[in-house]
Structures are given as C-alpha cells and as structure tokens.
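Reading through the structure tokens given below for one structure.
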Amino acid sequence: MHFSKRGDSVLPSGSKESESIRVLLVEADPVYSRELRSLIEEGSSGQCEVYETTGVEPALTLLLEQKFDVLLLDLSLPDSEGLDTLSRAKGATASVPVVALTNDENEEQAVDVLRLGAQEHLLKSQLDARSLARNLRHAVERHQLISQLRDSRVREHYLATHDALTNLPNRFHFQNQLTRSIAYANRHDRQLAVLFLDLDGFKTINDTLGHANGDALLAEVAARLARVVRRSDMVARLGGDEFVVMIQDVTDDRAAERAAETVLDALARAYQLAGQDYWLTTSIGIAMFPRDGEDAETLLRSADMALYQAKREGRNNVQFYRPAMNAQARQRLSIENRIRTALENEEFRLYYQPKVEILSGRIVGTEALIRWRDPERGIVPPADFIPIAEETGLIVPIGAWALETACAQTKKWQEAGFPSLRVAVNLSPYQVCDRSLRDTVVKALWNSSLAPGSLELEITESALMRNENVAVEVLGELKTIGIRVSLDDFGTGFSSLSYLKRFPVDTVKIDRSFIEDITVDSDDRVIVDAILSIADKLQLISVAEGVETPEQLDLLRVGGCDQVQGYLYSPPVPADHLGDLLGRPQLLTDPEKPDED
Ligand code: C2E
Ligand code: CA
Ligand code: CA
C-alpha cells in the first residue's frame, strides 16, 4: 500500500476491490494525518482505502468529484474551526457519514457534533487502531441502514398515497394536498378550482374490450392529464374512471373553465386500444374555493354534484357547482331510498292512456304509464323518479312489474269483449341493453296468457343508441316471438331515419313537441307531414302523441296519421276508468275533458 503525497490532491493509498471502505481523511497536520492513516490501515487490515486532504474547501471539491464511504474530519482546520467545519461538510454532502475528530473533551460540543449529523465523535487523545477502524466501519454501516430504512419508508409512503395503476396520487393524498392548498389560498386570498372528471362510456369499453384494455385506457388518460396541468396543480385518481384536478391560483370562473376545456380536448383525442382507435368524451364538474366549499371534503362534494349535472346535460360538457344542486342531491337521495321500498309496498300504479284510430274513432290500444303513489307526496310523475330508478338499477324490477301488470290487465280487457286491444309498455334504455329483458317479457306473456302480438314495446332512439349491437340483438329476439316495437318520441333523436332501417320497428310515435305547434308553426307541419309520409311508405303505423285540440286532429287526419293519443280524448287514467272508456262506442265524437289524477 502506498501513502499518498500530502497535499490537496490525493491518490488512493491502495487499490482494494469493492468491499473496501473509501475514507476521506481531512487533517491539517501532515504528520498526524500520516499517523492516522497507518492506524486505520492497521486496524482494518487493509480494508480501508484512505485519501487525504488538508482543509474543508479541498475536501468539498473532492466529495463532489469522487465517491467516499465516510469522512474522517478533524474539526480544527486552517480554513475552518469547530462546529462550523462540520456544518459546512454536512451541508455539502448529506449522503456521506461523518466521523468527527476533536482535540479536547467538551461534552457540550460532543452533543452538538452528533446533533449536526455526525455519526461518531472521537477524541484524538483516545484513538487506537482497532477502535478507529471499527468506528469508521460502524459509521458506514449505520448510515447505510438508515438510508435503506428511509428508502423503504419512502416506498411505503408512496404506495399508500398513490394509485398503483396510474401512479397518480390517490384520494387520500389528494385530500391532504387539497387541505394544504386551501390553507395557502386562504392566507393569500386566492381562489382555487377542483375539477371532478368522469369518462363517458368507459364502462362500455371495459366491458367490450376487457379489463386489460380498460386499464391501459385509464393509464393513458392519467398520462394525458399529468401532461396538461401545470406543476403547481395536482391530478389524482379517485377510483374507477373518476379523476380530479386541483388548480391553484385561479383568477376567476372563466380561467377554471378554460382549464377544464383543455382537459376535455386532451382526453378527446383517439386512444389506441387493441390495435384500433377509440374515442371518449369526458364530463367535468367544477367547484371553486372559497365560494363552493371551504374545506377539501365540501369542495370535492360540490364538484361531484356539478359532475352529476354535467352527466345529465348529455355528457361531454363542463358544469359549475350551483347551490341548488345540493338541495337536488338531498332530494334525490331521499327519493332513492323511498323507491327501494315502494315496490315492496305496492305503491306503483299503471295508468292507461287510450290510442284512438282516426278512421274508426275507436280505441285500438293503450299506453301504460307508471305512477307512484308515495304515501308522503301523493302521486309522483315518472319524470321525477324514473331517472333515479335508472341510475340505481331499480328500473329493472320496476320495469318487470310494469310488464307483468300491463299484460295481465290487457288480457282482462280482451276477455271482457275487446279481443284486439293492444298495450304499449315503455322501456328505459337500461332495459333495452339488458339481455335478461327477453326472459322478463316472455314470463309476463306466459303468466298473463296474453298473445305476443298484443304487446308493443315503446323504445326511444337514445335507448337504441346506448348500445346498438345489444339493442339489435335483444329486439331481434323479441320480434321473432311476435312482439311489436314502437319508436317513441320520434323526430327528437339524432338519426331517426337510419334507425328505421336498422331496427325492426312497427310503429313510430311522433313526438308531442311537433304536434304542439302544428297549427301555428309551418315548419312543424312540414316535419309531421314528412314523418307521416315516410311511415306510410315503410308501412309503419303512425301515432301522434299529445293531441289536445280538434284543429291538431284535423291536420293529422289530412296528413294520413293512423292513430292519436292525447288529452283531446283522455289523459292517462287508472285501469277501471279506462274500462269505462272502452265501453263507449265512438271516442272521436265524444272527447273526454283532460282531468288526470
Ligand atoms: P312518454 O312515453 O313520451 O309518455 C307520454 C307522456 O305524455 C306521458 O307523460 C303522458 O301523460 C303525456 N301526455 C299524454 N297526452 C298528453 C297531452 O295531450 N298533452 C300533454 N302535455 N302531455 C300528454 P307521463 O305519464 O308523465 O310519462 C312521462 C314519461 O315517463 C314517458 O314519456 C315515459 O318515457 C316515461 N314512463 C312512463 N311510464 C313508464 C314505464 O312504465 N317505464 C319506463 N321505463 N318509462 C315510463
Ligand atoms: Ca311512450
Ligand atoms: Ca313519447
């Protein structure tokens, strides 16, 4: 082993392989330095490579250039003295453990030396070869242990605060960070925005392409989000296809909205999945601090409510939180709870509205329309609870009940002398995409002994659009049994004509919105005439909804409409009331006054 030349440049005192400990010895006195080195080498039986230098400055330079395992530092140096020496060394290199050497026994200093981060504190007067080498080795080992411990703690912390799939912060982490940012915004009188995102139609992709592709999609969404936000902002995944973005220092609503639009754009570009391009839209709800909530939990809840509204507005859009949403959400929850028990408690009723054939003036069918007799609120119209029943999945048992009841009731009327009477039952989009629908329908027919041709299912275009392939399949099966299909709210959808071609439809129901102004708005009259002529050419039965006046009826008659339905004849009425109407010879010459409920 060669001693290095004393000075500011050093040479290794030995070329040991990996296991050796590289010691940087910082000692101003050359003679003492040499003595120390021999002690170390002797005590470590050549396990230590010792490098020498004379001051803090040259030591710091060396630490930057080379890797050392431990620093043996005399605190009294020409360019630095005492604790100052240690702080400077530690400040420059936190990753190298330090063993400090001092001249005299000074307890106070000894404590400070350890507090400043030295691993060991040795007195020059008490050094011997073995203890010096052992102390150096221990310093290295202890330092390694601590940093390993810190690494594993860091990893543990990371796992507890991040989402494993996307590597984004998780809900827990986001809430903590949001709480901190709120405190900051509060102190500095700033606003911040929380964007709550949900991918529209993610479930469909997950269901059709499988979970692996679903996961890949989520990871890509996460990456795009991370790319569009500023460093000071934060993106997190709350779970499923729900993400949140926090934007600090937002000047006003417009700025938050712009940020949301940037996010929408970034997520709207094509996704490559299973070798094909897929597109997704996103809905975003925004809540602003301090206006929409003063703590993390309230802000997130407000943003979530705004998101709910965005979804209802037809997806692919941005909504700000409004206080009214809170009351709506509370009401929704209470309705949800009460719908659950309404079925058991037999609180649902079917009302029936006659469909009158214009030529004969007779009732040829009815449409079954559900009512809820809520013990607290009285009769609740379907618009107030069907959407909630759809969201909660309760529409499936409710829809099955409606089918059973309508079929049984219609069979009774047929047996009472109206054998050709048909009944139309409304289906929600959720039911049309549900493969169990066929069994439900068959069971209702079987239980009631109603002929399949007496049952018509009313379906809207949006129900068909939801999942075209499943809808085609499910309706196709029902058609082969002999059940009729009616396209409801015709004309209000997006691509009415193509649906007529693609789906096995028997009837079109012209939406009430066209009938309403048919006598005053020539556009509406043109549209209605066009629909009637298409229906005629395709040999479909045409039904006009919401006919309220004789003038409307006259125009429909001239246009060749087959059947009408509306207050002009009768509002939807309970079953026994409809029984009375059936007994009347000619409804067209004897209109009922609208007096529903
Ligand atoms: P829809 O299928 O378009 O039903 C027609 C709606 O127009 C009914 O409202 C009916 O009462 C109303 N109506 C009928 N004639 C007139 C009229 O001359 N003037 C006016 N202004 N309105 C008229 P309703 O009963 O409140 O039902 C609303 C919607 O709820 C229905 O729209 C249907 O989509 C849904 N719905 C009703 N029953 C069921 C059901 O059993 N299952 C499902 N899934 N949905 C149902
Ligand atoms: Ca209908
Ligand atoms: Ca309708």
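Atoms within a ligand are numbered from 1 in the order they appear, just like the ligands themselves.
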message: Looking at every heavy atom in both Cys561 and Ser542, which two are closest together, and how far apart are they?
response: CA-OG, 3.6 Å

statement: If we number the atoms of ligand 1 from 1 as shown, the ones under 4.0 Å from a heavy atom of Glu367 are 2 (O), 4 (O)

- line: Closest to atom 33 (C) of ligand 1 (heavy atoms only, candidates Leu350, Asn426, Ile398, Leu427) is Asn426

task: Heavy-atom contacts with Pro572 under 4.0 Å: which atoms of ligand 1 show up? List them by number with element.
output: 11 (O)

query: Salt-bridged, Arg422 to Glu456, with N to O below 4.0 Å?
result: no

- prompt: Is the distance from the Ca ion (ligand 2) to some N, O or S atom of Thr460 under 3.0 Å?
  reply: no

Flag for Ser283-Asp200: side-chain donor and acceptor within less than 3.5 Å: yes

query: So which heavy atom on Lys311 is nearest to which on Leu199, and how close?
result: NZ-O, 3.6 Å

- prompt: Does Arg224 count as lying over the ring of Tyr271, i.e. NZ or CZ under 6.0 Å from the six-ring centre, within 45 degrees of the axis?
  reply: yes

message: Quick check on contacts: which atoms of ligand 1 are under 4.0 angstrom from a heavy atom of Ser428?
response: 44 (N)

- request: Identify the heavy atoms of Asp384 and Ile335 that sit nearest to each other, and give their distance.
  value: O-CD1, 3.8 Å

message: I'd like to check which ligand 1 atoms, numbered from 1 as shown, lie under 4.0 Å from a non-hydrogen atom of Arg371.
response: 11 (O), 25 (O)

message: Tell me the nearest of Asp489, Leu369, Leu568, Thr492 to atom 3 (O) of ligand 1, using heavy-atom distances.
response: Asp489

message: Whether Glu473 and Lys479 form a salt bridge (side-chain N of Lys/Arg under 4.0 Å from carboxylate O of Asp/Glu) is what I want to check.
response: no

statement: Ranking Arg512, Glu516, Glu390, Gln552 by closest non-hydrogen atom to atom 6 (C) of ligand 1, top hit is Arg512

task: Within a distance under 4.0 Å of any heavy atom of Gln353, pick out the atoms of ligand 1 and give their elements.
output: 14 (C), 15 (N)

message: Considering Val547, Thr460, Asp488 one by one, which has a heavy atom nearer to atom 1 (P) of ligand 1 than any of the others?
response: Asp488

task: Examine Ile370 against ligand 1 and note whether any of their N/O atoms are separated by less than 3.5 Å.
output: yes

Metal site angle (apex the Ca ion (ligand 2)), OD2 from Asp488 and OE2 from Glu367, 10 degrees: 170°

task: Could you confirm whether Glu458 has any N/O/S atom lying under 3.0 Å from the Ca ion (ligand 2)?
output: yes

field: Tyr308 six-ring centre to Arg332 NZ/CZ under 6.0 Å and within 45° of normal
entry: yes

Ile518, Ile510, Asp517 screened by side chain to side chain contact (heavy atoms under 4.5 Å, CB included) with Phe514, the one that passes: Ile510

message: Is there a side-chain contact between Thr492 and Ser513 in this structure, where contact means two heavy atoms from C-beta onward sitting under 4.5 Å apart?
response: yes

task: Go through ligand 1 atom by atom and flag the ones less than 4.0 Å from a non-hydrogen atom of Gly566.
output: 15 (N), 18 (O)

message: My understanding is that we take every heavy atom of each candidate and find the minimum distance to atom 5 (C) of ligand 1. Doing that for Gln431, Glu545, Glu458, Lys509, which one comes out nearest?
response: Glu545

